[in-house]
Amino acid sequence: MSKVTEEEIVKEEAAITAAEAVEAPVVLQGNKARAEKIEYQKRGGFKYGCYRFVKRTFDILASGLFLIVFSWLYLILAIIVKCSDGGPVFYKHKRVGKNGKEIYIAKFRSMRKNADDLEHMLTPEQLEQYKREYKIDNDPRVTKVGAVLRKLSLDELPNIWSIFKGDISVIGPRPLMREEAIEKYGEDVDKLLSVRPGMIGWWAANGRSNTTYESGERQKLELYYVDHCSIWLDIKIIFKTIISVFKREGAK
């Protein structure tokens with residue numbers, strides 16, 4: 001009788017252990033799911049609301065005035081790009097905007113036609129760098145005209161229209177592809193997307209091509225702006241960007 005009882009006890013203990021082993025991952029998965037639902041707490045308050053109002057007003061007035069005053073420059077650049085190889089004047093790329101909204105960013109085309117065909121345009125080493133950093137040193141797809149436009153940041157002038165529409169701001173984190181944002185920012189992606197992306201920003205003003213995803217410096221700079229954005233920081237970014245353009249630093 002005692003032998004049967006001991007066997008039953010052993011079986012019962014084994015069954016309990018097995019049940020716990022099965023349930024444990026379920027509990028972990030549940031905790032993980034709850035953790036994933038925790039969203040970044042956006043900044044709020046009267047002071048931050050005033051800052052956003054002033055910033056949006058500045059975006060509308062500055063971009064509208066710029067489009068009117070420099071319409072002649074847009075025409076000249078459009079003719080130059082078109083005559084360089086007969087391809088399209090503008091290049092539009094899908095990006096993710098504030099709160100995950102899908103937006104399209106237009107630039108004066110600086111690359112050869114069919115530049116999106118990465119497998120045929122790039123060497124294996126260049127393709128690997130693109131997958132890692134979403135940019136390439138000495139990109140072979142860039143045309144001679146495009147290289148000049150990029151060096152002077154003239155390729156980004158069509159972004160002014162996106163600022164006027166409200167898709168992006170003059171100042172903010174760089175607008176990214178959705179998969180790029182998720183891969184590179186991970187659990188901080190909601191934080192990054194809590195503000196409107198910008199034509200220029202803290203990362204671009206502090207080295208741009210010299211600060212990479214791989215080192216983690218690019219993420220730190222972009223997230224720093226989200227946490228500290230203010231009128232005074234925006235003014236500082238504008239002046240740092242102007243200086244960088246004249247010194248021809250960071251842009252590739």
Side-chain angles (χ1 to χ4, degrees), residues 40 42-43 48-67 70 90-108 110 134-135 149-150 152-178 180-182 184-185 188-213 217-246 249-252:
Y40 168 69
K42 299 177 183 178
R43 292 174 63 183
Y48 185 65
C50 290
Y51 160 69
R52 290 177 58 192
F53 175 78
V54 171
K55 185 174 183 177
R56 181 60 190 141
T57 301
F58 171 78
D59 283 347
I60 294 172
L61 295 178
S63 60
L65 181 63
F66 190 95
L67 288 170
F70 290 100
F90 300 105
Y91 174 77
K92 294 177 66 176
H93 202 281
K94 184 167 64 175
R95 301 296 171 97
V96 58
K98 183 179 180 181
N99 298 326
K101 175 186 175 183
E102 187 176 276
I103 60 176
Y104 285 87
I105 301 297
K107 293 184 178 184
F108 281 117
S110 59
Y134 288 91
K135 64 183 181 65
L149 293 177
R150 286 189 172 197
L152 300 176
S153 297
L154 294 175
D155 62 315
E156 299 192 9
L157 285 183
N159 285 348
I160 303 298
W161 174 245
S162 296
I163 294 171
F164 188 77
K165 289 196 305 176
D167 288 340
I168 65 175
S169 177
V170 172
I171 303 163
R174 193 76 169 177
L176 306 176
M177 294 180 287
R178 187 175 299 275
E180 179 183 1
I182 294 173
K184 299 302 181 182
Y185 287 86
D188 288 323
V189 68
D190 286 340
K191 179 178 179 178
L192 178 74
L193 300 179
S194 67
V195 300
R196 189 176 280 115
M199 182 175 175
I200 61 176
W202 190 236
W203 164 68
N206 284 276
R208 192 173 174 176
S209 294
N210 300 321
T211 53
T212 65
Y213 279 137
E217 288 302 312
R218 176 169 176 173
Q219 294 93 318
K220 290 179 182 178
L221 289 170
E222 296 286 43
L223 294 174
Y224 175 89
Y225 177 79
V226 177
D227 286 330
H228 299 88
C229 55
S230 66
I231 292 176
W232 296 115
L233 181 57
D234 288 350
I235 292 174
K236 183 176 182 179
I237 289 171
I238 290 174
F239 280 102
K240 283 178 68 69
T241 301
I242 293 173
I243 294 172
S244 296
V245 170
F246 278 105
E249 294 176 347
K252 289 184 181 181

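Side chains included, hydrogens not; waters and symmetry mates left out as well; all remaining heavy atoms used.
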Just verifying a value: how many Å separate W202 CH2 and K240 NZ, rounded to the nearest 0.5 Å? 5.5 Å
Looking at G198 and P175, what are the two nearest heavy atoms and their distance? O-CD, 3.3 Å
Under 30°, 30 to 60°, or over 60°: which ring-plane class applies to Y224 and H228, parallel, tilted or perpendicular? parallel
For the pair I182 and V96, evaluate side chain to side chain contact (heavy atoms under 4.5 Å, CB included) and give the outcome as yes or no after the intermediate values. CA-CA 10 Å; I182 294 173; V96 58; over 6 Å; no
Working to the nearest 0.5 angstrom, can you tell me the gap between D190 CG and N99 CG? 9.0 Å
Return the CD1 to CZ distance between I105 and R95, rounded to the nearest 0.5 Å. 7.0 Å
Side-chain touch F108/P158, heavy atoms, less than 4.5 angstrom: yes
Is the backbone N or O of G166 less than 3.5 Å from a side-chain atom of R196, with the two atoms forming a donor-acceptor pair by type? yes
Closest non-hydrogen atom pair between K55 and S169, with its separation: CE-OG, 3.1 Å
In this structure, CD1 of I200 is separated from CZ of R174 (nearest 0.5 Å) by 10.5 Å
For K101, enumerate each residue passing the salt bridge (charged side-chain N to carboxylate O under 4.0 Å, His left out) test, keeping only those at least two apart in sequence or located in another chain. D167
Between Y225 and D234, is a side chain to side chain contact (heavy atoms under 4.5 Å, CB included) present by the stated rule, with each step listed? CA-CA 9 Å; Y225 177 79; D234 288 350; 2.7 Å; yes
Would you name the heavy atoms of A205 and T241 that are closest together and state the gap between them? CB-OG1, 3.8 Å
Give a yes or no on whether the backbone of V170 and the side-chain of D59 come within a donor-acceptor separation of less than 3.5 Å. yes
For Q219, enumerate each residue passing the side-chain contact (heavy atoms from CB on, under 4.5 Å) test, keeping only those at least two apart in sequence or located in another chain. K184, Y185, Y213
Below 30° counts as parallel, above 60° as perpendicular, anything between as tilted: where do the rings of Y51 and Y48 land? tilted
To the nearest 0.5 Å, what is the distance between CG (D227) and OG (S194)? 8.5 Å
Give, for atom CD1 of I171 and atom CZ of F58, the distance between the pair rounded to the nearest 0.5 Å. 6.5 Å
Evaluate side chain to side chain contact (heavy atoms under 4.5 Å, CB included) for M177 paired with H93, printing each intermediate quantity in order. CA-CA 8 Å; M177 294 180 287; H93 202 281; 3.2 Å; yes
Atom of P197, atom of I103 and distance for their closest heavy-atom approach: CG-CD1, 4.3 Å
